[in-house]
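Report on the structure given below.
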Amino acid sequence: MLRIYNTLTRKKEDFITLQPNVVKMYVCGVTVYNDAHVGHAMSALVFDIIRRYLEYRGYKVQHVMNYTDVDDKIINRANQLKVDPFSLAQRYIDDYAQNLKELNVLPATVNPRATQTMDEIQSMVKGLIEKGYAYAASNGDVYFRVTKDKEYGKLSGRKLEEMQAGARIEIGEAKEHPMDFALWKAAKPGEPAWDSPWGKGRPGWHIECSAMNLKELGEQIDIHGGGNDLIFPHHENEIAQSESFTGKPFARYWIHNGMLQLGGEKMSKSLGNIVTIKEFLSKHDADVMRMIVLNGSYRAPLIYTDEVLDAAEKSLDRLKSGLRPAAPSAKGLNADFVSVLDKQSEATQQAFISAMDDDFNTPLAMAALFELVKAINTARDNGATDAQLQRAQATLRELTGVFGLRLAEKKGSSEQEAQITALIAERNEARKQKQWARSDQIRDQLKEMGVTIEDTKDGTSWRWG
RNA sequence: GGCGUCGUGGCCAAGUGGUAAGGCAAGGGUCUGCAAAACCCUCAUCACGGGUUCGAAUCCCGUCGACGCCUCCA
């Protein structure tokens with residue numbers, strides 16, 4: 001039984017879907033006004049891993065990830081760059097989609113956008129006004145009336161009275177209550193605007209997600225996800241809007257990932273301590289980022305340092321070592337050893353599932369994979385043939401695949417490979433004649449080319465890295 | 001100030017009542033001409049102080065510290 005930690009109840013709960021075998025999952029995407037950074041990658045990877053695991057467990061996942069393509073920051077940035085806000089947003093949507101693809105994140109079932117959900121947004125605002133949950137203010141804005149929602153604050157664990165103390169009341173706002181938030185914002189001159197019953201304007205940030213959920217998944221969904229920095233106010237407000245509008249419980253499970261930290265602080269655009277996904281991928285394989293995420297629990301802060309990066313790279317190599325072929329001279333294991341290895345495959349698969357069933361405990365699941373790697377390598381060292389390794393390696397492949405790891409070996413061009421083969425032949429000739437200086441020199445040369453060689457009793461093998 | 005999460009070996013990180021998984025790093029060994037890889041061995045009593053219990057990293061209280069949210073934010 002899969003159990004998931006639910007932010008709403010602050011407990012792990014059994015995962016029971018609204019419809020059998022179907023998961024409706026909505027994950028908050030990004031506001032597209034700038035390059036996405038590895039913190040965004042973390043969130044995308046966390047939910048990609050969750051999705052892959054749900055699919056592995058036999059669920060059909062309807063995965064929705066939105067793009068916020070109209071808001072203050074986009075408008076400001078567009079003004080700064082003197083470009084059209086819509087084309088700016090489009091550019092960063094394309095970039096982000098490309099980032100995700102390179103990170104091996106499965107594409108969402110749909111990627112709705114605020115600007116393409118305008119009808120649904122407006123009818124929702126209208127409905128909330130009719131039910132008394134919202135009001136059009138004198139300044140042209142429409143606000144949600146938080147005092148009307150008795151449950152307001154239930155996700156973030158706050159009470160309206162407590163929040164008022166810290167609330168910032170901006171002069172000129174026409175709110176009834178300082179915590180009321182905008183569903184619709186009146187347009188200022190020069191800003192993108194849509195016609196509405198309340199005059200020209202654009203949607204507030206929170207309403208788009210409520211509207212997109214309704215449009216793409218219906219009134220009730222199974223999982224709603226995002227970074228834990230969205231718990232308040234974004235998700236709190238989403239619940240308020242959606243439940244006030246439909247009169248039904250909105251999302252069953254609220255899942256929030258921890259923040260990626262660089263230098264002891266949350267990585268964020270406003271703090272400026274950023275490593276973009278593009279920068280990361282120019283230096284490292286996508287698997288490395290995934291490995292960093294898998295090494296920790298998704299709810300905890302993720303520490304990002306050079307040391308962590310290095311460890312992730314090395315542990316990835318270790319996983320890959322389990323996939324290497326048998327030695328050419330392998331004589332084969334006896335049946336008892338083969339059955340030990342096959343038992344380990346089974347044990348690892350079970351351990352993997354039980355770890356993942358416990359709120360997606362990836363570090364524990366990963367430990368099971370390393371056990372399998374060790375068993376495979378031991379078997380290989382003891383002369384197992386490819387056929388005998390096959391089952392265990394297939395299990396390793398399958399489970400790392402659930403994690404979304406590619407574990408691809410680097411490939412060079414055929415010219416490069418020919419050159420490498422030639423150098424190795426030359427070196428082996430030198431070794432035969434015990435010309436160690438020459439042979440070591442060639443090895444250094446190969447190292448510089450990024451090639452590592454290994455001399456075994458079956459000859460010399462090589463690989464990139 | 002309020003709300004919340006957390007503090008496990010050199011680094012990252014599981015474990016939430018029965019005497020500390022895993023990865024990286026480090027040291028020793030097997031193998032090797034030397035390496036590399038793989039394998040074997042070694043390496044923590046869980047921020048601090050009280051308490052509950054036969055027994056606590058794990059529950060309770062306190063102290064110190066970190067981080068997140070309270071304003072845009074994955």
Side-chain angles (χ1 to χ4, degrees), chain A residues 7 10 27-31 33 36-47 68 71-73 76 153 156-159 161-168 170 179 205 225-234 236 256-261 264-271 291-292 294-297 299-319 321-322 324 327 351 355 358 361-371 373-374 376-382 431 434-437 439-440 443-444 447 452-457 460-463:
Chain A
T7 307
R10 302 230 164 71
V27 181
C28 283
V30 291
T31 301
Y33 71 104
H37 56 71
V38 290
H40 299 108
M42 176 201 182
S43 189
L45 288 168
V46 161
F47 289 100
T68 299
D71 100 326
D72 288 343
K73 279 179 299 193
N76 291 342
S156 54
R158 295 153 206 253
K159 295 198 174 72
E161 309 84 66
E162 287 165 352
M163 285 189 274
Q164 284 187 62
R168 296 180 187 189
E170 283 172 39
M179 294 310 292
W205 175 37
N228 68 16
D229 53 350
L230 297 181
I231 294 171
F232 191 90
H234 185 53
E236 192 71 72
H256 292 96
N257 65 276
M259 293 294 101
L260 184 142
Q261 292 191 214
E265 281 180 310
K266 164 181 162 185
M267 178 174 290
S268 103
K269 290 172 184 172
S270 39
L271 288 173
M291 202 64 186
I292 291 173
L294 289 165
N295 183 50
S297 93
R299 285 193 278 135
L302 182 65
I303 295 175
Y304 182 90
T305 61
D306 286 345
E307 213 170 353
V308 163
L309 237 158
D310 195 49
E313 226 146 31
K314 297 280 180 46
S315 54
L316 213 43
D317 282 342
R318 181 157 175 74
L319 274 185
S321 76
R324 290 182 196 152
D358 183 14
N361 190 337
T362 55
L364 193 57
M366 192 58 86
L369 297 185
F370 282 115
E371 258 182 73
V373 166
K374 185 174 285 187
I376 293 170
N377 288 338
T378 299
R380 189 195 299 101
D381 277 3
N382 288 315
R431 289 181 70 218
K434 300 196 190 297
Q435 293 170 359
W436 307 126
S439 116
D440 291 350
R443 183 165 62 198
D444 291 344
K447 189 81 212 167
T452 303
I453 57 172
E454 288 168 23
D455 298 322
T456 72
K457 53 180 175 287
T460 302
S461 67
W462 65 274
R463 61 193 156 78

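Chain A is the first sequence line, chain B the second, and so forth, proteins listed ahead of strands; every chain is numbered from 1. Hydrogens, waters and symmetry mates are skipped; everything else that's a heavy atom, side chains included, is used.
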Roughly how far apart, to the nearest Å, are [N] and [M] at atom [atom1]?
N	M	atom1	answer
B/A21	B/U30	P	28 Å
B/C39	B/C24	P	9 Å
B/G29	B/U19	C1'	30 Å
B/U5	B/C43	C1'	31 Å
B/G27	B/A37	P	13 Å
B/C12	B/C64	C1'	24 Å
B/U42	B/C34	C1'	25 Å
B/C11	B/U45	P	14 Å

**Request:** Look at the side chain of A/N228 against the base of B/G4 and say whether a donor-acceptor pair falls under 3.5 Å; ignore hydrogens and angles.
**Result:**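 There is none.
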How would you label the contact of [X] with the nucleic acid (heavy atoms, under 4.0 Å): base, sugar-phosphate, or nothing?
X	answer
A/G225	nothing
A/H256	nothing
A/G39	base
A/Q261	sugar-phosphate
A/I292	nothing

Listed partners of [X] passing side-chain contact (heavy atoms from CB on, under 4.5 Å), at least two apart:
X	answer
A/A36	A/H40, A/Y96, A/N99, A/I277
A/L364	A/A355, A/N361
A/E265	A/L271, A/N273

Side chain of [X] only, heavy atoms from C-beta on: which candidate in [options] is closest?
X	options	value
A/S315	B/G23, B/A74, B/A21	B/G23
A/K314	B/C24, B/C12, B/A74	B/C24
A/R158	B/C70, B/C12, B/A74	B/C70

**Message:** According to side chain to side chain donor-acceptor pair (under 3.5 Å), who are the partners of A/R431, at least two apart in sequence or on a separate chain?
**Reply:**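 For A/R431 the side chain to side chain donor-acceptor pair (under 3.5 Å) partners, ignoring immediate neighbours, are A/N428, A/D455.
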**Request:** Quick one: list whatever passes side chain to side chain donor-acceptor pair (under 3.5 Å) with A/T378, sequence neighbours left out.
**Result:**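 With neighbours one apart ignored, the set is empty.
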Could you tell me the separation between the [atom1] atom of [X] and the [atom2] atom of [N], rounded to a whole number of Å?
X	N	atom1	atom2	answer
A/M259	B/C69	CE	P	8 Å
A/Y304	B/C24	OH	C1'	16 Å
A/L260	B/A66	CG	P	20 Å
A/M42	B/G68	CE	P	13 Å
A/D306	B/C11	CG	P	16 Å
A/M291	B/A14	CE	P	14 Å
A/R10	B/U5	CZ	C1'	10 Å
A/M366	B/G15	CE	P	15 Å

In the structure shown, which nucleotide is the Watson-Crick or G-U wobble counterpart of [N], with both distances under 3.5 Å?
N	answer
B/U5	B/A66
B/C46	none
B/U30	B/A38
B/U52	none

**Message:** I need the minimum non-hydrogen distance between A/R380 and A/G322, along with the two atoms involved.
**Reply:**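 Closest approach of A/R380 to A/G322, heavy atoms only: NH2-O, 3.5 Å.
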**Request:** Please tell me which of A/F370 and A/I303 maps to the more 5' nucleotide of RNA chain B, matching each residue to the nucleotide holding its nearest heavy atom.
**Result:**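 By nearest-heavy-atom nucleotide position, the 5'-most residue is A/I303.
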**Message:** Reading RNA chain B from 5' onward, which residue's closest nucleotide shows up sooner: A/P301 or A/A311?
**Reply:**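 Nearest nucleotide further toward 5': that of A/P301.
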**Message:** I need a per-nucleotide contact map over nucleotides 26-38 of chain B, read 5' to 3'. Cutoff is protein heavy atoms under 4.0 Å; write B for the base, S for backbone only, - otherwise.
**Reply:** -------BBBBSB
**Message:** Tell me if a side-chain donor or acceptor on A/E236 pairs with a main-chain N or O of A/S156 at a distance below 3.5 Å.
**Reply:**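 Present.
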**Item:** Check: A/T31 main-chain N/O paired with A/T68 side-chain donor or acceptor under 3.5 Å
**Value:**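 Looks like no, no N/O pair under 3.5 Å.
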**Asked** Are A/R443 and A/D440 ion-paired here, with the side-chain N under 4.0 Å from a carboxylate O?
**Response**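 A salt bridge is present here (some side-chain N lies under 4.0 Å from a carboxylate O).
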**Asked** Does the side chain of A/N228 reach to within under 4.5 Å of the side chain of A/M259, using non-hydrogen atoms?
**Response**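 Yes, at least one pair of side-chain atoms sits under 4.5 Å.
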**Message:** If you compare every side-chain N and O of A/T305 against the phosphate oxygens of B/C11 (OP1, OP2), does one of them come in below 4.0 Å?
**Reply:**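 Answer is no, no contact under 4.0 Å.
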